[in-house]
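One structure below.
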Amino acid sequence: MLICEDVMILLAEPRGMIENWDARRQWSLTAGALCDLEELGAIAIEGKQVRVLSEQATGHAALETILTRIVDRRDRKLPSILRDSAACPLEDIIEGLSARGVLELKSKSRFGLLPSRYTVTDSTVENNLRAAMTNTLHGRGNRHHLSVLAIINSVEVVHQALKHEAAGVKDREISALLEDVKDSSTMMSALRSSTRGIGSALPAIAGGM
């Protein structure tokens, strides 16, 4: 599974009284896809700049969408890419997960008032992911799931998306966990830039919806 796919599974169904769930989900998916591209060596995130290292096919429609968009852009600043709705590979992620029997659309957003809802149809995939996230929240996560955690933490939905898994885990403990690992690799450095970009972009995005 891609990082962006795992993020989609966790954010498929809006949970709790969270404003602008669609916006949070969209920018989380973009950040996840950027992390996937960085891990594949297709891009490098250097500060607030995204540099394309390779335009070769990735084998994933979702990653092709965002990579093509980045290549076509003159402005490759990270916050700008996160704000670019054309860069978000939401539809490709949904199509890919649906084709594998993992996810299906439940209801589309109506007039921007209610967020789109998706149903996870493969409980095994979701249960395995949630078990991995439980391990991650208790300091036993790998780089992939730490990236997922960092992304959903950055848009402040950890306790909604991981209601049971994060029960009893305080926000400061999650922040400390991510602080310990974020600089352990190039990917974590890129993720840190991505999550900062989401944090700064979200208020502007929410206000424009």
Side-chain angles (χ1 to χ4, degrees), residues 1-37 45 48 50 62-63 65-66 69 77-94 96-97 102-103 105-120 126 129-130 133 136-137 144-167 169 171 174-175 177-178 182 190-209:
M1 299 287 283
L2 297 172
I3 292 170
C4 59
E5 291 176 329
D6 279 345
V7 169
M8 182 65 217
I9 290 172
L10 294 177
L11 302 186
E13 185 77 13
R15 301 174 188 275
M17 301 300 290
I18 299 294
E19 294 182 344
N20 301 300
W21 187 274
D22 274 336
R24 294 169 193 260
R25 178 166 51 202
Q26 179 175 331
W27 310 132
S28 295
L29 295 178
T30 300
L34 287 170
C35 290
D36 286 318
L37 286 173
I45 301 178
K48 292 184 178 181
V50 177
L63 303 188
T65 292
I66 188 170
R69 182 61 176 172
K77 292 180 180 178
L78 180 60
S80 179
I81 292 172
L82 289 169
R83 291 185 178 98
D84 185 358
S85 60
C88 180
L90 171 64
E91 297 303 323
D92 292 305
I93 294 171
I94 296 303
L97 290 175
V102 176
L103 196 79
L105 175 66
K106 185 175 182 181
S107 62
K108 287 283 281 186
S109 176
R110 300 189 63 183
F111 311 112
L113 299 176
L114 296 174
S116 298
R117 295 172 179 269
Y118 302 86
T119 299
V120 177
E126 182 177 18
L129 172 57
R130 290 188 177 278
M133 296 310 297
T136 301
L137 285 161
H144 176 106
H145 294 111
L146 282 166
S147 299
V148 173
L149 177 61
I151 289 170
I152 63 174
N153 182 63
S154 75
V155 293
E156 301 177 348
V157 296
V158 169
H159 291 284
Q160 289 75 29
L162 298 171
K163 181 178 180 179
H164 300 293
E165 295 79 9
V169 181
D171 289 340
I174 296 173
S175 296
L177 174 65
L178 296 175
K182 66 184 179 183
L191 179 59
R192 177 179 59 183
S193 297
S194 298
T195 55
R196 283 179 176 174
I198 290 176
S200 62
L202 187 59
I205 294 160
M209 291 190 66

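The figures that follow rest on heavy atoms only: side chains count, while hydrogens, waters and symmetry mates do not.
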Subject >> Residue list, salt bridge (Lys or Arg N to Asp or Glu O under 4.0 Å) with Asp84, at least two apart or on another chain >> reply: Arg69, Arg73
Original post:
Does Arg24 reach the side chain of Ile152, with side-chain heavy atoms less than 4.5 Å apart?
Top reply: no
Subject >> Asp36 side, atom CG; Ile3 side, atom CD1 - distance, nearest 0.5 Å >> reply: 4.5 Å
**OP:** Grab the two heavy atoms, one from Val155 and one from Ser28, that are nearest each other, plus how far apart they are.
**Re:** CG2-OG, 3.4 Å
Subject >> Which atom of Lys106 lies closest to which atom of Glu13, heavy atoms considered >> reply: NZ-OE2, 4.0 Å
Subject >> Non-hydrogen side-chain atoms of Leu37 and Val50 separated by less than 4.5 Å >> reply: no
Original post:
Is the closest side-chain heavy-atom distance between Ile174 and Leu178 below 4.5 Å?
Top reply: yes
Subject >> 4.5 Å side-chain heavy-atom contact, Ile94 and Leu105 >> reply: no
Subject >> Heavy-atom side-chain proximity of Val7 to Arg25 below 4.5 angstrom >> reply: no
Original post:
Does a side-chain heavy-atom distance below 4.5 Å link Glu126 with Val102?
Top reply: no
Subject >> Set of residues satisfying side-chain contact (heavy atoms from CB on, under 4.5 Å) with respect to Gln26, sequence neighbours excluded >> reply: Ser85, Cys88
Original post:
If you look at every heavy atom in Ala31 and Leu82, which pair is closest and at what distance?
Top reply: N-CD2, 4.0 Å
Original post:
Tell me, do Glu5 and Leu103 make a side-chain contact under 4.5 Å, heavy atoms counted?
Top reply: no
